[in-house]
Amino acid sequence: MRPKRKIRTLSDVQNNPIEHSTLEVDVKAVCENWHRLDKASGAAETAAVVKADAYGLGADPIVPALCEYGVKTFFVANVFEGVQIREATKPFPERKIFVLNGFDLCAAPQFAKHNLIPVLNTIQEIQTFLAQTEIDSESPVAVQMDTGMNRLGLSRKEISELSQSKGSLERLNIILWMSHLACAEDPDHPLNKRQLDRFNSSLEKLPPAPASLANSAGIHLGSEYHFDVVRPGIALYGGSPSPGNRMQPVVRFAGKILQLRDVDEGETVGYGAEFRAERTSKIATVGAGYADGILRSLGNTSSLMIGSYAVPIVGRVSMDVLALDVTDLPPSYLREGDHVPLIDTQNLIDDVAKQADTISYEILTRLGARSKRIYTGR
Ligand SMILES: *Cc1c(COP(=O)(O)O)cnc(C)c1O
């Protein structure tokens with residue numbers, strides 16, 4: 001009789017034994033995370049940031065679910081993403097879609113056709129928008145102001161300029177003033193308060209319209225950061241927005257054990273021979289590498305949890321495979337063909353990111369380009 005296996009393999013994976021790696025996305029968990037953020041945001045409207053294909057997880061299955069859950073406003077980075085989200089929100093044509101990275105004359109037909117709202121980031125973009133003829137001049141726009149991140153948005157000088165240029169202001173249908181926080185995940189960072197003060201003082205000079213400042217982490221800085229619309233992204237997808245604010249995990253990523261091999265003491269594993277076995281070892285070669293989004297920086301320095309065992313990643317992560325040292329696991333605990341979790345509730349995206357010396361955002365947006373994708377909870 002086969003020994004009883006304790007690891008929980010992905011149920012669907014068992015039915016897809018050909019796949020070397022599997023990305024499972026819990027769509028319901030995304031919706032429930034949105035709901036939790038919505039409650040934390042008080043009276044403010046909670047939008048959803050779905051840029052980069054919903055942080056790499058798949059906007060097409062996620063956005064319709066969010067629409068049905070009550071999300072009314074989406075943010076994307078560019079016009080192409082805007083077109084995709086408009087398609088995904090088709091049964092809900094009144095959903096607002098803001099395009100964060102500015103307005104370009106060449107893209108005006110797309111903005112018009114798909115009813116996308118540009119976030120105007122410079123005086124020049126405002127002029128261009130007012131001069132173009134593709135989009136109805138009554139169409140809504142957002143204007144972003146810089147409050148200290150110095151990345152996108154009008155400078156304070158330009159805001160003063162704009163506040164005096166009544167002509168431009170009267171011709172624009174501004175439905176959102178926005179800015180973006182640079183350090184919200186660090187609640188003690190002095191820049192948070194400075195950005196808040198600058199945002200408030202700019203708003204005072206400008207005609208009234210709804211305002212938006214907070215990303216995921218900003219929501220937890222306090223109600224004075226909420227304004228009228230909050231813009232969470234990473235927290236929807238299970239990333240912890242700031243210390244002490246855990247979200248429901250959304251992603252499970254598993255790789256198939258292609259081989260289990262015994263390696264003699266003194267032998268090395270992988271490219272560059274960077275791992276040397278100090279004892280006779282059992283090595284599991286797993287079919288997931290950096291082309292699947294398992295970052296190369298995880299090689300030889302990190303470990304993951306399989307059941308109650310910490311299992312080191314040994315040697316370099318290569319394009320298609322990585323190696324785990326499973327010597328300390330009970331014999332028969334793992335078998336060839338098993339799918340081992342690389343990201344799950346025990347190996348959270350934030351923990352994996354930390355070990356890879358990056359952030360959960362990068363883990364998610366790189367994950368699973370050639371993996372089988374399974375969407376649950378729809
Ligand atoms: C990406 C982005 C967000 C979402 O940020 P999270 O940290 O993922 O919540 C909000 N606003 C702007 C302008 C962004 O670029």
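This chain uses plain numbering: 1 for the first residue, then up along the sequence. Read the numbers this way: they start at 1 and go in the same order the structure lists the ligands and their atoms.
- Only the backbone of Pro232 comes within 4.0 Å of ligand 1, counting heavy atoms alone; no side-chain atom from C-beta on gets that close.
- Near Arg151, the atoms of ligand 1 lying under 4.0 angstrom from a non-hydrogen atom of the residue are 15 (O).
- Summarising the geometry, atom CD1 belonging to Ile283 is positioned 9.0 Å from atom CZ belonging to Arg261; distances are rounded to the nearest 0.5 Å.
- Close N/O approach between Ala235 and ligand 1 is not found [any backbone or side-chain N/O within under 3.5 Å].
- For atom 9 (O) of ligand 1, the nearest non-hydrogen atom of the protein is Ser216 OG, 2.5 Å.
- The nearest pair of heavy atoms linking Phe92 to Arg86 is O-NH1, 4.2 Å.
- When heavy-atom distances to ligand 1 are checked against a 4.0 Å cut-off, Leu152 has no atom that comes that close, whether in backbone or side chain.
- Of the options Tyr237, Tyr361, Tyr55, the smallest heavy-atom separation from atom 4 (C) of ligand 1 is shown by Tyr55.
- In this structure, Met149 has no heavy atom closer than 4.0 Å to ligand 1.
- Side chain to side chain, Asn200 and Glu224 fail the donor-acceptor criterion of an N or O pair below 3.5 Å.
- In terms of polar-atom proximity, defined here as any N/O pair under 3.5 Å, Gln144 makes no such contact with ligand 1.
- In terms of polar-atom proximity, defined here as any N/O pair under 3.5 Å, Val49 makes no such contact with ligand 1.
- Interface of Lys51 with ligand 1, defined as ligand atoms under 4.0 Å from a residue heavy atom, comprises 1 (C), 2 (C), 3 (C), 14 (C), 15 (O).
- Taking the charged nitrogens against the carboxylate oxygens, Asp350 and Lys354 have no contact shorter than 4.0 Å, which rules out a salt bridge.
- Looking at Asp146 and Arg151, no side-chain N of the basic residue comes within less than 4.0 Å of a carboxylate O on the acidic one, giving no salt bridge.
- Shortest contact from atom 12 (C) of ligand 1 to any protein heavy atom: His180 CE1, 3.3 Å.
- Classified by interplanar angle (parallel below 30°, tilted 30° to 60°, perpendicular above 60°), the ring pair Phe227/Phe199 is perpendicular.
- The residue Glu185 has no part lying near ligand 1, judged by heavy-atom distances below 4.0 Å.
- Transitive grouping of hydrophobic side chains (ILVMFWY, heavy atoms separated by less than 4.5 Å) brings Leu172 and Ile135 into a common cluster.
- Residue-level proximity to ligand 1 for Arg231 is carried by backbone and side chain together, each with a heavy atom below 4.0 angstrom.
- From the protein, the heavy atom lying nearest to atom 5 (O) of ligand 1 is Asn215 CB, 3.4 Å.
- The shortest side-chain heavy-atom distance between Thr301 and Asp357 does not fall under the 4.5 Å cut-off.
- Nearest heavy atom pair, residue Trp177 against residue Ile174, reads CH2-CD1, 3.4 Å.
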